Student: 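My questions all concern the structure below.
Owing to the predicted nature of the structure, the values given are computational and were not obtained by experimental measurement. Lettering follows sequence order; numbering is per chain, from 1.
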Protein chains: 2
Amino acid sequence: MTSPQPPRRPSGQPRVPENYDPADFVPFAVTVDLAVFTVRESRLHVLLVERGEEPYLGHWALPGGFVRPRESAGQAARRELAEETGLSPDTVAGLRPEQLRTYSDPDRDPRMRVVSVAYTALVPDLPEPRGGGDAAQARWTPYDELGRLAFDHGRILADGRRRIGAKLEYTCLATAFCPPEFTLGELQQVYETVWGVVLDRPNFRRKVLTSPGFVEPVEGPPRRTGGRGKPAALYRAGAATALHPPLLRPEGRTTP
Amino acid sequence: MTSPQPPRRPSGQPRVPENYDPADFVPFAVTVDLAVFTVRESRLHVLLVERGEEPYLGHWALPGGFVRPRESAGQAARRELAEETGLSPDTVAGLRPEQLRTYSDPDRDPRMRVVSVAYTALVPDLPEPRGGGDAAQARWTPYDELGRLAFDHGRILADGRRRIGAKLEYTCLATAFCPPEFTLGELQQVYETVWGVVLDRPNFRRKVLTSPGFVEPVEGPPRRTGGRGKPAALYRAGAATALHPPLLRPEGRTTP
DNA sequence: CCAATAGTGTCTCTTAGACAATATGGA
DNA sequence: TCCATATTGTCTAAGAGACACTATTGG
């Protein structure tokens with residue numbers, strides 16, 4: 001259904017004779033909220049902004065904003081992501097923010113009826129978002145150091161984390177957390193950080209390299225070192241998007 | 001973000017100096033749309049209603065309706081599902097309609113700005129929805145005989161079908177398509193119908209029976225026949241919700 | 001030489017795919 | 001009896017977990 005005129009009452013007969021009540025058609029505000037994840041120093045981080053107004057003045061919240069009159073929620077999400085991260089719209093388009101779910105509890109905003117469409121985005125380690133001489137500031141926060149967030153944003157983040165953990169299993173999404181060229185060790189770090197587990201390096205390597213299109217070696221013999229071990233070969237993301245068979249996390253836990 | 005007052009502009013400096021424009025805050029109508037699937041006679045069916053008004057008068061559309069002032073989208077979905085299928089609210093609650101995604105294209109409704117939160121629900125083969133002496137009628141339609149649907153409902157159904165196909169792989173959801181007691185042949189039919197493939201019976205059986213909590217045998221020696229072969233043992237849904245390891249569809253295709 | 005990280009090889013166990021063979025009902 | 005479906009069993013191949021071992025760098 002879609003029509004805002006008298007709501008259809010389509011099917012048969014024994015329907016409660018509740019016809020159109022104008023009070024049913026309340027205006028909603030629609031926003032997007034962004035759960036932006038990255039991996040920094042082997043820890044999962046999320047992008048938060050500090051609220052500059054009531055309610056929740058001074059609390060941390062997800063970046064986001066209103067859906068404008070002529071844009072879709074997805075367009076709003078990409079626009080906000082570019083604004084918050086300072087990345088170019090082109091780069092942001094490549095990140096393909098993905099719709100997570102919509103939050104519509106009637107009391108989620110104390111002031112009025114606000115429905116929010118939440119998106120997840122995975123980014124490689126980025127520079128700190130613009131140093132804020134502004135009213136409100138934005139920054140990366142370790143996922144496990146989150147305090148109480150504004151509105152239902154804590155729940156949105158939890159849902160987002162569960163989603164990306166699941167998607168690592170059966171998609172090639174993990175490369176989105178990495179720079180354009182990366183080592184298999186870095187890729188493994190992504191899995192270990194998001195899942196909160198330790199993986200066997202040889203087995204991880206075998207799985208990644210035998211999954212067609214997951215990664216492809218960077219031609220030039222260039223190599224790079226992370227510290228003081230043997231330099232690692234570099235790879236970049238391949239053309240595949242799905243992983244078949246999937247790379248299941250140990251114990252098959254669905255991380256609560 | 002969530003606040004409908006002046007949208008926050010949280011992060012740093014070089015921000016386009018476009019401040020709050022009251023025109024940005026347009027009122028939206030919010031609806032829910034239901035993609036209700038069932039398996040009938042080895043074919044996937046969806047529940048459709050005929051529109052009784054413009055636009056798309058006489059076209060088929062998904063059941064759905066407005067989100068009311070004091071309910072969440074999920075509550076609205078359960079309410080509409082009960083109304084459309086004639087099932088009791090208790091039964092509907094057990095079906096756990098699941099949020100699919102939100103559709104927000106600015107032009108998806110020609111009249112005004114409507115954002116719709118779509119839900120999927122899987123039901124066993126049900127009686128035809130109330131014979132309609134009413135204005136509009138509702139009925140089960142084979143998925144592959146869909147004509148052009150109202151609004152973007154064709155796309156919603158396609159998304160819903162892809163989602164349930166994927167969920168069959170790693171959840172025990174398939175039992176939702178079956179009556180309380182069912183045979184393994186019926187369960188296999190669900191997979192074959194939704195995926196559009198043919199599965200090897202002995203292998204399917206082994207997989208289902210060795211997945212702890214997927215199904216449990218019905219105690220009483222009661223058996224039942226589907227036609228003229230050997231009667232099959234009956235099972236009911238087990239306690240598990242996830243399948244580990246998953247039951248991957250052949251060729252690992254993600255059915256486009 | 002040692003520490004640290006990258007990479008190779010191997011063995012085993014689980015699981016899935018293919019498919020033969022048997023069981024049990026109705027026409 | 002034949003036919004259709006259910007059920008059991010076997011063989012094989014792919015993939016994952018465990019883990020020993022080698023390679024290459026910096027100190």
Student: Rounded to the nearest Å, what distance is computed from the OH atom of residue Tyr170(A) to the P atom of nucleotide dG15(D)?
Tutor: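 So the OH-P distance, Tyr170(A) to dG15(D), works out to 21 Å.
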Student: When you get a sec, tell me which of dT25(D), dA6(D), dT8(D) is the closest nucleotide to the side chain of Ala232(B)?
Tutor: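 Looking only at heavy atoms from C-beta outward on Ala232(B), the closest nucleotide is dA6(D).
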Student: In whole Å, I'd like the distance from the CZ atom of Phe182(B) to the P atom of dA6(D).
Tutor: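 My rounded result for the distance is 14 Å.
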Student: Mind calculating the distance between CZ (Phe204(A)) and C1' (dT5(C)) to the nearest angstrom?
Tutor: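 That distance rounds to 16 Å.
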Student: Can you tell which of dG7(C), dT7(D), dT25(D) lies closest to the side chain of Arg205(A)?
Tutor: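 Of the options given, the side chain of Arg205(A) lies nearest dG7(C).
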Student: Within this structure, what is the CG-to-C1' distance between Leu247(B) and dG17(C), rounded to whole angstrom?
Tutor: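 Leu247(B) atom CG is separated from dG17(C) atom C1' by 12 Å.
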Student: Does dT5(C) have OP1 or OP2 under 4.0 Å away from a side-chain N or O of Arg201(A)?
Tutor: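 Answer is no, no contact under 4.0 Å.
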Student: Using the side-chain heavy atoms of Pro231(A), tell me which of these nucleotides is nearest: dG7(C), dA18(C), dT24(D).
Tutor: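 Minimum distance to the Pro231(A) side chain belongs to dT24(D).
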Student: If only side-chain N and O atoms of Arg228(A) are considered, is one of them under 4.0 Å from the OP1 or OP2 phosphate oxygen of dG27(D)?
Tutor: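 So the side chain of Arg228(A) is outside the cut-off, no N or O lying under 4.0 Å from OP1 or OP2 of dG27(D).
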Student: Mind checking whether Pro179(B) and Asp125(B) have side chains closer than 4.5 Å, heavy atoms only?
Tutor: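 A side-chain contact under 4.5 Å is absent here.
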Student: Using a distance-only test with no angle check, is there a side-chain donor-acceptor pair under 3.5 angstrom linking Thr120(B) and Glu98(B)?
Tutor: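 The criterion, which ignores hydrogens and geometry beyond distance, is not satisfied for Glu98(B) and Thr120(B).
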Student: Who passes ring-ring contact (aromatic ring centres under 6.0 Å, His included) against Phe204(B), sequence neighbours left out?
Tutor: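 Once residues adjacent in sequence are excluded, the partners of Phe204(B) under the ring-ring contact (aromatic ring centres under 6.0 Å, His included) criterion are Tyr191(B).
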Student: Would Arg161(B) count as a cation-pi partner of Tyr143(B), with NZ or CZ less than 6.0 Å from the six-membered ring centre and within 45° of the ring normal?
Tutor: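 Yes - Arg161(B) lies over the ring of Tyr143(B), closer than 6.0 Å to its centre and within 45° of its axis.
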Student: Please state how far atom CG in Leu209(B) lies from atom C1' in dA16(C), giving the value in whole angstrom units.
Tutor: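 In whole Å, dA16(C) C1' and Leu209(B) CG are 15 Å from each other.
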Student: Can you pull every protein N or O that's under 3.5 Å from an N or O on nucleotides 11-15 of chain C?
Tutor:
none

Student: Specify the residue among Glu186(B) and Asn203(B) whose closest nucleotide of DNA chain D lies further upstream toward the 5′ end.
Tutor: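 Per heavy-atom nearest nucleotide, the more 5' residue is Glu186(B).
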Student: Between the two end axes of the helix from dC1(C)-dG27(D) to dA27(C)-dT1(D), each built from 5 base pairs, what angle do you get to the nearest 10°?
Tutor: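 The angle separating the two end axes equals 10°.
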Student: To the nearest Å, give me how far apart CG (Leu199(B)) and P (dA6(D)) are.
Tutor: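 Computing the Leu199(B):CG to dA6(D):P distance gives 14 Å.
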Student: Provide, to the nearest angstrom, the distance between the NZ atom belonging to Lys230(B) and the P atom belonging to dA27(C).
Tutor: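 Rounding to the nearest Å, NZ of Lys230(B) and P of dA27(C) are 18 Å apart.
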Student: Do the side chains of Trp60(A) and Arg148(A) get nearer than 4.5 Å, heavy atoms only?
Tutor: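 A side-chain contact is absent here, since even the closest heavy-atom pair is not under 4.5 Å.
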Student: Which atoms form the tightest heavy-atom contact between Pro97(B) and Leu81(B), and what is the distance?
Tutor: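 The pair with the smallest heavy-atom distance is CG-CD2, 4.3 Å.
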Student: So, Arg162(A) and Asp159(A), do they make that salt bridge, N to O below 4.0 Å?
Tutor: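 Yes, charged N to carboxylate O under 4.0 Å.
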Student: What residue among Asn203(A), Val208(A), Leu209(A) forms side-chain contact (heavy atoms from CB on, under 4.5 Å) with Arg205(A)?
Tutor: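 With Arg205(A) as partner, side-chain contact (heavy atoms from CB on, under 4.5 Å) holds for just one option, Leu209(A).
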Student: Can you name the closest pair of heavy atoms from Leu100(A) and Arg163(A) and give their distance?
Tutor: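 Reported closest heavy-atom pair: O-NH2, 2.7 Å.
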Student: Over how many whole Å does the gap from His244(A) atom NE2 to dA16(C) atom P extend?
Tutor: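 Rounding to the nearest Å, NE2 of His244(A) and P of dA16(C) are 15 Å apart.
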